[in-house]
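Working notes, beginning with the structure itself.
Worth knowing before you read on, the calculation uses all heavy atoms, side chains too, and leaves out hydrogens, waters and symmetry mates. Numbers here are sequence positions counted from 1. Whatever order the structure lists them in is the order used to number ligands and atoms, beginning at 1.
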Amino acid sequence: MKLYSTKNKEKLASLKEAVLKGLPDDNGLYMPLAIPRLPAEFLANLEAYSFQEIAYTVADALFQGVIPESDLRKIITESINFPAPVVQLNEQEYVLELFHGPSLAFKDFGARFMAQLMSYFNQGEKRELVILVATSGDTGGAVAAGFYQTPGTQVVILYPSGKVSMLQEKQLTTLGQNITALEVEGTFDDCQAMVKEAFLDPELNQVIRLTSANSINISRLIPQSFYYFEAYKQLPKDGRDTVFCVPSGNFGNLTAGMIAQRMGLPIQHFIAATNVNDVVPEYLESGLFSPRPSTRTLSNAMDVGNPSNFARMLDLFEGLPESSTWNNMKENISGYAFTDVETRAAVADVDSKYGYVIDPHGAVGYLALKAYQKTHPKTKGVILETAHPSKFLDDVEAILGREIEVPERLAILARRKKEAVLLPSRFAALKEWLLKTMA
Ligand SMILES: *Cc1c(COP(=O)(O)O)cnc(C)c1O
């Protein structure tokens, strides 16, 4: 497998380089040079394959033998080890539950697969890989759980003191072993600036093998395409067109869906669902892409004003002949945006109509699918439910006016003891700590 940068298609990287570096030097994004079509026999018989067999087949097709079969099977077994069930709401609407992993959000798939690939590619190196991440809440939890006990890796997570929720903090600070949480006396921006400086510091990089668990690492995108196949397999075969509705922020999930489609999965159309941070729906409408600062909303994991995967979306559509990139994208994706008032009403609506508790991100997806199906009534739509509603407990309980169920793996966290290293928000303090602890 070879990958190019969206900013320079001539300069190719190996999978190992792309996974360990995360970003090309030119600040583009890595994209697979070839997205192979899967065999028709496989696509027509998905129900004969387990989720892990599907994941193996998709990954192997993309990797093109870079990772030997037994190693790749082990990587899949260790990472894709919780289900992605489809739940039916009605004749037309289905929910794909992506929250059955340790941090109760779809990011677990990407974080776990990335951890396994990094550990695999670091084999034979004398020094451990030190993964440095700044988090404002959710990403850190998925990364911590994903790398927990992964051989050859140490994870150092910086988070802003007092600015993450109690449960988010517990996800970062209670695992121990190869996971260390640094509680920074500052903001998320301070944490991010400290991490950036660490990657640029020659002395640190000489003595420590530093890498990032960046959300745009290609190894986080690839496993997100697996569950589109897994979802399709669970739908009735009734000849109706299938559309996927993706609650989106940085558009990694939607990009992964488009890769699944290019590999031959018969997805008729995508729906990009956003909150009021609607730069992509706006682009689909007008052809103009205007990134801007984000606005805080109820579906806060989608509060993104400059979606990082937009460059990949453009890249996927510009190669197609006969039309502009914008036209190509519009034909394949419809965009819809909703306010918090509408989102709250949708959480209540799904509960009263179907007895299903949907989280605010999924609720934005529900609204978008409804809007699309007004003009496309004969389709069946799958909403990606990106997180468990109990991750947004206060909001969801306030909307529904009653308590909701909290899964045991989340409840247990509240009882665990926090362990974190308190650090002033200065790079010098981080550097000193890293040299003392990790070198
Ligand atoms: C990260 C996240 C999203 C946004 O996903 P993208 O791939 O960035 O578009 C949506 N919902 C939840 C719950 C998330 O954590």
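- Using the six-membered ring where Trp is involved, F229 and F42 have ring planes that are tilted, between 30° and 60° apart.
- For R262 and F317, the positive end sits near the middle of the six-membered ring, less than 6.0 Å away and at most 45° from its axis.
- The side chain of K107, and not its backbone, has at least one atom closer than 4.0 Å to an atom of ligand 1 (non-hydrogen atoms only; side chain from C-beta on).
- Nearest non-hydrogen protein atom to atom 4 (C) of ligand 1 is G249 N, 3.6 Å.
- Distances from atom 7 (O) of ligand 1 to the heavy atoms of N253, T139, L104, N275 show the closest one on N253.
- Taking any N or O of N250, backbone or side chain, at least one lies under 3.5 Å from an N or O belonging to ligand 1.
- Residue T386 has at least one nitrogen or oxygen atom sitting less than 3.5 Å from a nitrogen or oxygen atom of ligand 1, judged on distance alone.
- By the 4.0 Å N-to-carboxylate-O rule, K353 lies close enough to D349 to be salt-bridged with it.
- Each of the following atoms of ligand 1 lies closer than 4.0 Å to a heavy atom of S248: 9 (O).
- Centroid-to-centroid, the aromatic rings of F106 and F99 stay 6.0 Å apart or farther.
- Which parts of ligand 1 touch A387 is read off a 4.0 Å heavy-atom cut-off, strictly below it: atoms 13 (C).
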Margin query: For a side-chain hydrogen bond (donor to acceptor under 3.5 Å, both in side chains) check, start with the C-alpha distance between T343 and D340, then their side-chain angles and the critical distance, and finish with the verdict.
Written below: CA-CA 5 Å; T343 305; D340 280 357; 4.6 Å; no

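- Ion pair K233/E53 not flagged as a salt bridge, since none of the NZ, NE, NH1 or NH2 atoms sits closer than 4.0 Å to an Asp/Glu carboxylate oxygen.
- Ring-plane geometry between F392 and H361 is classed as tilted, the angle between the planes lying from 30 to 60 degrees on a 0 to 90 degree scale.
- Numbered from 1 in the order shown, with element, the atoms of ligand 1 that lie under 4.0 Å from a heavy atom of H361 read 11 (N), 12 (C), 13 (C).
- In this structure, the ring of H100 has its center no less than 6.0 angstrom from the ring center of F82.
- Residue G252 has at least one nitrogen or oxygen atom sitting less than 3.5 Å from a nitrogen or oxygen atom of ligand 1, judged on distance alone.
- Closest to atom 5 (O) of ligand 1 by heavy atom, among F251, F392, F106, is F106.
- Where the criterion is an N or O separation shorter than 3.5 Å, residue side chain and backbone included, A301 fails it with respect to ligand 1.
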